[in-house]
Amino acid sequence: MIRLIASDIDGTLVRDGENELDPRYLDQILRLREKGFQFVAASGRQWHSIERIFDPIKEKIFYVSDNGAYVGCYGRQLFVTPIDRQLILDMIRDVRSCPGLDIALSGPDVVYLETKDQKFVNWLVESYRFEVSCVPDLTKVEDQFIKFSVYKEHDVESAARHIYERYKDKLKITISGDMWMDCMEKSVSKGAALQQIQESLGIGPEETMAFGDQQNDLEMLERAYYSYAVGNARPEVKAAARFQADLNVNHGVLKVLQLL
């Protein structure tokens, strides 16, 4: 019997960067909760952004944000996993030396930016609906840091390849879409966060359903027997999942939830 459902957001429930969720998802999640299902929204996004997307039912779901570095529910932290500060300082200096790359440095509640690209800032605030603080020097910010994101409008994987090679043994690094390379503490993943929720609720992988489309969803899919890749997922995600749903633009996840 399925008791827990976890889903990625960008590329799975909505197009990348969208902040409006089809209301039918909200209705369906509430109906499933009435039957005893728990729902987890799992994303590379900040928890504020997740909460705003699910605003009408935000008190009814768990949030896994920043690729698993933050686990919470309705504004309450449950688990937070910070990155060593010296690693953060080293990465800031390395990325600064690479033209065309921007940094988004995430604390538990705020994303810090030192970019001069106002279009990028506006996009994070207006599309992702992040809580953002623009600062003159990221190395001077005093906060816990739970995610270091490298941004490029197209093909960040190639543009930041040398960053990946330099830090892949020190941090958990995942590619999310065409624009983001996300770096977290080595133990962090959506799968590890989902496991924390499963163990807290006494729910096993055989009672769990999960949906995803990108590399940062792979560990989460491993924690669910009912693992689904949406039709637009990367090939390696489709290969890892037991089942396949329709494209995100065709509301593939909703179609599966309606079957429940």
Side-chain angles (χ1 to χ4, degrees), residues 1-45 47 49-65 67-68 71-74 129 176-177 189-191 193-198 200-234 237-260:
M1 176 181 174
I2 299 168
R3 299 172 58 200
L4 179 64
I5 301 165
S7 181
D8 171 53
I9 297 175
D10 292 280
T12 302
L13 299 182
V14 300
R15 291 184 175 91
D16 286 342
E18 285 187 347
N19 57 32
E20 297 295 334
L21 187 63
D22 189 308
R24 292 178 295 172
Y25 279 107
L26 306 179
D27 293 339
Q28 189 66 29
I29 291 168
L30 286 179
R31 288 161 64 186
L32 289 169
R33 270 191 56 84
E34 291 171 359
K35 296 181 180 295
F37 292 80
Q38 299 288 343
F39 186 83
V40 179
S43 177
R45 293 179 182 231
W47 73 261
S49 178
I50 296 175
E51 186 171 272
R52 286 162 180 157
I53 287 178
F54 290 90
D55 184 68
I57 61 169
K58 62 188 178 184
E59 301 174 34
K60 309 291 186 182
I61 66 172
F62 290 94
Y63 317 144
V64 169
S65 74
N67 289 322
V71 180
C73 56
Y74 194 35
R129 300 168 78 179
S176 181
S189 71
K190 291 182 184 180
L194 182 58
Q195 182 176 358
Q196 290 175 314
I197 294 173
Q198 288 171 323
S200 297
L201 298 176
I203 295 174
E206 72 280 0
E207 301 171 292
T208 304
M209 176 179 282
F211 300 88
D213 74 309
Q214 290 289 334
Q215 289 179 349
N216 61 349
D217 299 317
L218 288 171
E219 291 94 342
M220 180 173 70
L221 297 179
E222 290 174 1
R223 291 295 308 172
Y225 176 82
Y226 301 94
S227 55
Y228 280 83
V230 289
N232 52 286
R234 291 174 66 121
V237 178
K238 290 180 179 179
R242 285 190 173 88
F243 308 101
Q244 186 168 319
D246 201 349
L247 302 169
N248 65 333
V249 294
N250 294 336
H251 305 296
V253 175
L254 181 63
K255 293 175 180 177
V256 176
L257 297 185
Q258 287 171 337
L259 294 175
L260 297 176

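The first residue in the sequence is number 1, and the count goes up from there. Both backbone and side-chain heavy atoms feed into the values below; hydrogens, waters and symmetry mates do not.
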### Query
So, are Arg45 and Asp10 salt-bridged, with charged N and O less than 4.0 Å apart?
yes

#### Entry: Neighbour count >12 (heavy atoms, 6.0 Å) for atom CZ, Arg242
yes

### Query
What are the two closest heavy atoms between Ile50 and Ser65, and how far apart are they?
CD1-CB, 3.8 Å

#### Entry: Validation row: Lys255, Asn250 side chains within 4.5 angstrom (heavy atoms)
yes

### Task
Kindly give the heavy-atom pair with the smallest separation between Arg223 and Gly191, and that separation in Å.
CG-O, 3.5 Å

### Message
Walk me through whether Ile197 and Val64 qualify under side chain to side chain contact (heavy atoms under 4.5 Å, CB included).
### Response
CA-CA 10 Å; Ile197 294 173; Val64 169; 3.9 Å; yes

### Query
Once the angle between the rings of Phe243 and Tyr225 is folded into 0 to 90°, is it parallel (under 30°), tilted (30 to 60°) or perpendicular (over 60°)?
perpendicular

### Task
For Ala240 and Ser227, work out which heavy atoms get closest and say how close.
O-OG, 4.3 Å

### Query
Would you call Asp55 and Lys58 a salt bridge, using N to O less than 4.0 angstrom?
yes

### Task
Could you check Gln244 against Tyr228 for side-chain hydrogen bond (donor to acceptor under 3.5 Å, both in side chains), going step by step and ending with a plain yes or no?
CA-CA 5 Å; Gln244 186 168 319; Tyr228 280 83; over 6 Å; no

### Side chain to side chain, Tyr226 and Thr208, heavy atoms closer than 4.5 Å
no

### Query
What residue among Gln195, Glu219, Met220 forms side chain to side chain contact (heavy atoms under 4.5 Å, CB included) with Lys190?
Met220

### Task
Answer whether the closest heavy-atom distance between the side chains of Tyr63 and Tyr74 falls below 4.5 Å.
yes

### Message
Do Thr12 and Asp213 pair up side chain to side chain, a donor and an acceptor below 3.5 Å, judged on atom types alone?
### Response
yes

### Task
Check Tyr25 against Gly252 and note the closest heavy-atom contact, atom names and distance.
OH-N, 4.3 Å

### Test item: Val230 and Val253 side chains (from C-beta on) under 4.5 Å apart, heavy atoms
yes

### Query
Just how far is it from atom NZ of Lys60 to atom CD of Glu34, taken to the nearest 0.5 Å?
9.0 Å

### Query
Short question: side chain of Asn232, backbone of Asn248 - any donor-acceptor pair under 3.5 Å?
yes

### Task
Specify the closest pair of heavy atoms between Ala41 and Ile61, including all atoms of both residues, with the distance to one decimal.
CB-CD1, 4.2 Å

### Query
In Å, rounded to the nearest 0.5 Å, how long is the span from CD of Gln258 to CG of Leu254?
4.0 Å

### Query
If every non-hydrogen atom of Gly212 is compared with every non-hydrogen atom of Ala233, which pair is closest and at what distance?
O-CB, 4.1 Å

#### Entry: Heavy-atom check, side chain of Ile9 versus side chain of Leu21, under 4.5 Å
no

### Message
Please tell me whether Arg3 and Gln38 have a donor and an acceptor in their side chains that are separated by less than 3.5 angstrom.
### Response
no

## Note on the structure
CE of Met209 to CG of Leu32, rounded to nearest 0.5 Å, is 9.5 Å

### Query
Roughly how far apart are Gln215 CD and Asp217 CG, rounded to 0.5 Å?
10.0 Å

### Task
For His251 and Leu13, run side chain to side chain contact (heavy atoms under 4.5 Å, CB included): C-alpha distance rounded to whole Å, both residues' side-chain angles, the deciding distance at 0.1 Å, then the answer.
CA-CA 7 Å; His251 305 296; Leu13 299 182; over 6 Å; no

### Task
Would you give the length of the straight line joining atom CD of Gln198 to atom CG of Leu194, rounded to the nearest 0.5 angstrom?
4.0 Å

### Query
Side chains of Phe54 and Leu26: does their closest heavy-atom pair fall under 4.5 Å?
yes

### Task
Output the distance between atom CG (Asn216) and atom OG (Ser189), rounded to the nearest 0.5 Å.
10.0 Å

### Query
So, do Phe62 and Leu201 sit near enough that their side-chain heavy atoms are less than 4.5 Å apart?
yes

### Task
Test Leu260 against Phe37 for side chain to side chain contact (heavy atoms under 4.5 Å, CB included), laying out the working first.
CA-CA 10 Å; Leu260 297 176; Phe37 292 80; 4.1 Å; yes

### Message
Could you check whether any side-chain heavy atom of Ile2 comes within less than 4.5 Å of a side-chain heavy atom of Glu207, counting everything from C-beta outward?
### Response
no

### Query
Is a side-chain donor or acceptor of Ser49 paired with a backbone partner of Arg129 at a separation under 3.5 angstrom?
no

